Number of protein chains: 2
Amino acid sequence: MIAIVNSERCNLDNPLSALPGYTLRRAAHAMMAELGLRLAPLGLRVADASVLLLIEGRADMTSAEIGRILDIQRANMVPLLARLEAAGLIERRALNRKSQAIVLAAAGKAAQDRLHRVIAQFEADLLARIAPEHRAHLVPALNALWTP
Amino acid sequence: MIAIVNSERCNLDNPLSALPGYTLRRAAHAMMAELGLRLAPLGLRVADASVLLLIEGRADMTSAEIGRILDIQRANMVPLLARLEAAGLIERRALNRKSQAIVLAAAGKAAQDRLHRVIAQFEADLLARIAPEHRAHLVPALNALWTP
DNA sequence: TTGTAATGCTATGGATAATAGCAACATGAT
DNA sequence: ATCATGTTGCTATTATCCATAGCATTACAA
């Protein structure tokens, strides 16, 4: 009984909302849906946006390296980069006869600017939903859950 | 510069790990993969487990009601419950000529006990990865992100 | 130079989830 | 009692994401 009272703001009709794993899943799902909606007007998917943010200011990252950092398989990088290239947002720049750097194209810079604004607003709105005393703890806690 | 120094424990090679949205996605993905591994020996998927936990001690919940709470479409409840029923973990009990309650079968009780142990260990291991000063803030912060 | 590993790619399959539609039934208002 | 409306459980289909396996080419190190 005391435990129920202490678990702040848990959904009365959902006994699972006290479980970190369950709340993590639900929060991530809600967040992704919302972010997807906000990125749609830019013609970007969430994975697309993460690539654009990652290659910011760099002209030496290969597809494989991007995938390694973002945890996207090389095979799945292919349609993703094809999409960005078809949209004129990125270009490929040969490093070797084997590797190629993914660099921002001219139109990509403008997209990146719009993206920065959307992301900044999104992250601000995200944090605003969290009670002030919890806010600063979220990112460190989450990073501890997936960083090796 | 100060911001970078202040953002504790951010992956040096991943500028996105300072973003709440990104860390949320990565943490949820890592968590789900780990949980899937731990549930596999029980022959359960994550969604299956959430249903078993939800109907605990209740004999009056319909498929539609379970789906409403767990945010699973009615159409997608069908194969899920068929799986649990084929495994002998649940039974259907007519409430109406239209509705039927999903109740735990005999074998389901044993599965639920095993499940409780796995979940308890899993949640404990999850929280153990988080620095003590952040721990208590995680669930409240996450719940704020998806609770209406 | 030769074995090993990495790159970029094709092809494919599994799992999840979203949509549309349907017959049967419940429910509340008239 | 009846009628409009909403709900239930289901079928069927589709989109999307993600994982695996395999392949030709190239880099790299012993």
Side-chain angles (χ1 to χ4, degrees), chain A residues 21-22 24-26 28-37 39-40 43-51 55 60-86 90-103 146, chain B residues 21-22 24-37 39-40 43-51 55 60-87 90-103 146:
Chain A
Y22 183 77
L24 181 51
R25 170 150 177 65
R26 293 298 298 262
H29 187 259
M31 180 274 298
M32 287 292 287
E34 169 74 16
L35 181 55
L37 287 180
L39 292 180
L44 293 175
R45 301 186 190 179
V46 177
D48 300 354
S50 67
V51 169
I55 65 177
D60 60 332
M61 303 196 73
T62 65
S63 164
E65 193 175 353
I66 294 171
R68 239 174 275 126
I69 295 176
L70 297 181
D71 199 32
I72 302 173
Q73 315 284 330
R74 269 173 311 156
N76 296 328
M77 288 296 299
V78 177
L80 198 167
L81 293 180
R83 210 160 49 225
L84 291 178
E85 192 175 27
I90 61 163
E91 289 170 353
R92 318 205 186 216
R93 183 190 179 90
L95 294 175
N96 279 335
R97 274 181 298 180
K98 181 168 77 162
S99 304
Q100 44 192 345
I102 306 298
V103 301
W146 67 275
Chain B
Y22 183 77
L24 182 50
R25 171 152 177 63
R26 292 300 298 263
H29 186 261
M31 180 275 296
M32 287 292 288
E34 169 73 17
L35 181 54
L37 286 179
L39 291 180
L44 294 175
R45 301 186 189 177
V46 176
D48 301 352
S50 67
V51 169
I55 65 177
D60 60 333
M61 304 197 70
T62 65
S63 165
E65 193 174 355
I66 294 171
R68 238 174 277 126
I69 296 177
L70 297 182
D71 199 32
I72 302 174
Q73 315 284 331
R74 268 174 309 151
N76 296 327
M77 288 295 298
V78 178
L80 198 168
L81 293 180
R83 210 162 45 228
L84 292 179
E85 192 176 26
I90 62 164
E91 288 170 355
R92 318 207 186 216
R93 183 189 179 90
L95 294 176
N96 278 334
R97 273 181 300 179
K98 182 167 75 161
S99 305
Q100 44 193 343
I102 306 298
V103 302
W146 68 274

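Proteins come first, then strands; the chains are lettered A, B, ... in the order of their sequence lines, and each starts at number 1. Fair warning: this is a prediction, and the values are worked out from it, not measured in the lab.
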Drop me the distance from [X]'s [atom1] to [Y]'s [atom2], to the nearest 0.5 angstrom.
X	Y	atom1	atom2	result
B:Leu35	A:Leu24	CG	CG	10.5 Å
B:Met31	B:His29	CE	NE2	10.5 Å
B:Leu84	B:Arg92	CG	CZ	9.0 Å

Quiz item: B:Arg93: what forms a salt bridge (Lys or Arg N to Asp or Glu O under 4.0 Å) with it, not counting sequence neighbours?
Solution: none

Practice problem: Just jot down the salt bridge (Lys or Arg N to Asp or Glu O under 4.0 Å) partners of A:Arg45, sequence neighbours excluded, or say none. | Solution: none

Exercise. Just jot down the side-chain hydrogen bond (donor to acceptor under 3.5 Å, both in side chains) partners of A:Arg83, sequence neighbours excluded, or say none.
Key: A:Asp48

Practice problem: Report the residues that fulfil side-chain hydrogen bond (donor to acceptor under 3.5 Å, both in side chains) with B:Arg25, sequence neighbours left out, ordered by chain and then residue number. | Solution: none

Quiz item: To the nearest angstrom, how far is A:Arg97 atom CZ from C:dT7 atom C1'?
Solution: 14 Å

Quiz item: How close or far is atom P of C:dC25 from atom CG of B:Leu95, stated in whole angstroms?
Solution: 15 Å

Self-check item: Pairing residues for A:Ala49 by the side-chain contact (heavy atoms from CB on, under 4.5 Å) criterion, not counting sequence neighbours
Solution: A:Leu39, A:Leu115

Exercise. Assign a letter to each nucleotide of nucleotides 8-16 of chain C from its 5' end: B, base within under 4.0 Å of a protein heavy atom; S, sugar-phosphate only; -, no contact.
Key: BBBB----S

Quiz prompt | Terminal axes of the helix from C:dT1-D:dA30 to C:dT30-D:dA1 (five pairs each): angle between them, nearest 10 degrees | solution = 30°

Donor-acceptor contacts under 3.5 Å from residues 96-103 of chain B side chains, at least two apart:
none

Quiz item: Under a criterion of less than 4.0 angstrom to any heavy atom of chain B, what are the 5'-terminal and 3'-terminal contacting nucleotides of DNA chain D?
Solution: D:dG6 to D:dA19

What side-chain donor-acceptor pairs closer than 3.5 Å can you find for residues 63-76 of chain B, not counting sequence neighbours?
none

